[in-house]
Structures are given as C-alpha cells and as structure tokens.
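Just so we're on the same page: letters track the sequence lines, and every chain starts at 1.
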2 protein chains.
Amino acid sequence: MVEHRLDDVFQALGHPTRRAMLTDLAARERTVGQLAEPFAISFAAASKHVKVLERAGLLERTVIGRTHVCHLAPEPIEEAYRWLGRYERFWQERLDALEAELRREHDAS
Amino acid sequence: MVEHRLDDVFQALGHPTRRAMLTDLAARERTVGQLAEPFAISFAAASKHVKVLERAGLLERTVIGRTHVCHLAPEPIEEAYRWLGRYERFWQERLDALEAELRREHDAS
DNA sequence: AATATCCTCAACCAAATGGTTGAACATAGA
DNA sequence: TCTATGTTCAACCATTTGGTTGAGGATATT
C-alpha cells in the first residue's frame, strides 16, 4: 500500500531539523557529519534524524570508506506532493471564494 | 515564524486516520461524530485527532448547539504544498536528468 | 423534569520520539 | 601498528503520541 509510506514521509517532514537537512541536501550531497554540523545537537541525534529521513525514503546513503554520503531521493516527496495536490485544487477554490468575499465586503464599506 | 506551523501541519498529516478525515472533509462538512464513525477507535480518540488537525490549522470548527461542525481550512495546506513545491522542481529536474541519461545509455547500446 | 445525544475533559497506559552519553566499529593517515 | 576520524549502536531519560475508560457539560427531545 502506498499510503503506508506517506505516514513516514509526512512524519519525517514534521521536524524542523529534518526539513533543514533536506534543504541542505537540495543544494548538494552531504555527509552525515556535514548534515549534523549546523545543529546544536549531538552527532548521534543528527544521525538518528538522518535515519528517519532514510526510512521515509527521502534520502539515500552511499557509504564511501568511513563516510556516509547522502543525497535526496525523488519518489516519496513526489507522492506527498501529489497527495497534497488533490486538496490544493479544493483549497484554491476556497481561497478564491474567500478573497472574493473580502473584496465584496471591502467594496461595500 | 511560518516554519513553526509547518511542524504541526506535516505532523498532523503523518497519521492515516487524520489524512482520511481530511479526505472525508474535502467532500463535505462533517460533525466530529461523523468524522469519527468510520474508525474502529473510541470517540474520544477521534476527538483528539480532530483537535490535532485543528491545532495545525487544517480544520475549523463551528459549534452549533451541541454538535461541532468541521470544515477544511485552506491556508496551511497551501503552505505545505508550496514548501514541497520547492523540492518538486528539484526532483523533477533530477528525474528528467536521470531519464535523459538512461535514454543516452540506451541509444549508445 | 427526565432522558438521550454530542462532545470534551481527566486520568491513565504503552509505545514512539528526540535527546543525551559512552562504547564500539571501520577506515584513513602517521 | 598506532591513532585519529566518521559513523553507528546501546542504554538511558523525559516528553509526546495515540489509545483507553469514566465522568461531566451542554443541548435536544420527550
């Protein structure tokens, strides 16, 4: 079931440290150490975050010698994006309606 | 900070029951009881899920007498969608590059 | 007024999460 | 071979999460 992975993906995205790591990885490949560096947490804690991202399929790891090089993986975020996209249309309609209403109220005043 | 809300939004999306509730709400307004009905959990548990969605701003509640009518709220999912959109572009480029490379390899063989 | 309905709250529980520290492992460099 | 480096693992801790049950509040219904 595809739905199962969405649990992991959205949950992984639900922590600012992990989102920052993804942002970092969007620019270039990063070792676990490099990913950990910006944060005031222990190396082991950062390593756990990396593992969460990996379990969600958002990140893939290539072990080169003693360093682990990480890069983004495309599929799961695509899934999440498409899931949200189903609602995006709905919400866009609502936003348009809201905007129109506010405009009406403003014009009436 | 906008980032703070994204924590709540993604975390709220990270549970299948809550995503199913949102799917339900996309079709029409629902009372808490109606939202709870499809799930084999206690009413109180469902009520907690609703509260999580509400805290994330994904759902708004209108109390009418003793019933609480819920509807989707547009803004936070828009935020999440846009956040993912930044990476969607990135990943799409990667996918395109990958596809192009595969095509090249195929043509060369 | 009595009762049924819709929902929240409080207390509790087990499991997951996010953090720590210390040890261990594998590899690179002296 | 010895040591330094990059990373994981294990044990532990506090907090959060997702569930339960039982009680209670507010509103409809009779």
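For the OP1/OP2 pair of C:dC9 and a distance below 4.0 Å, the side-chain nitrogens and oxygens of B:Lys51 include at least one atom meeting the criterion. Contact annotation: B:Gln11 side-chain N/O to D:dT17 OP1/OP2 distance is under 4.0 Å.
Evaluation of the side chain to side chain donor-acceptor pair (under 3.5 Å) rule for B:Ser42 yields no partner, not counting sequence neighbours.
Taking CZ of A:Arg86 as the reference point, atom CD1 of B:Ile77 lies at 10.5 Å (rounded to 0.5 Å). Within the model, atoms CG of A:Leu13 and CG of B:Leu84 stand 6.0 Å from one another, a figure rounded to the nearest 0.5 Å. With rounding to the nearest 0.5 Å, the separation of OG1 in B:Thr17 from CG in B:Asp24 is 12.0 Å. Atom CG of B:Leu22 sits about 10.5 Å away from atom SG of B:Cys70, to the nearest 0.5 Å.
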- Let me have a per-nucleotide readout for nucleotides 19-30 of chain C, 5' to 3', with B, S or -, counting only protein heavy atoms under 4.0 Å. BBB-----BS--
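Near DNA chain D, meaning a heavy atom under 4.0 Å away, there are no residues from residues 29-38 of chain B.
Along DNA chain C, the nucleotide nearest to A:Arg55 and the one nearest to B:Val69 differ in position, and the one closer to the 5' end is contacted by B:Val69.
Between the CZ atom of A:Phe10 and the P atom of D:dT17 there is a distance of 18 Å, rounded to whole Å. For B:Leu13 and D:dT17, the CG to P distance is 14 Å, given to the nearest whole Å. Here C:dG18 presents its P atom at 12 Å from CZ of A:Arg19, a figure rounded to the nearest Å.
A:Glu37 CD: 12 or fewer foreign heavy atoms inside a 6.0 Å radius.
The closest side-chain heavy-atom distance from B:Tyr87 to A:Tyr81 is not below 4.5 Å.
Ring-plane geometry between A:His15 and A:His49 is classed as tilted, the angle between the planes lying from 30 to 60 degrees on a 0 to 90 degree scale.
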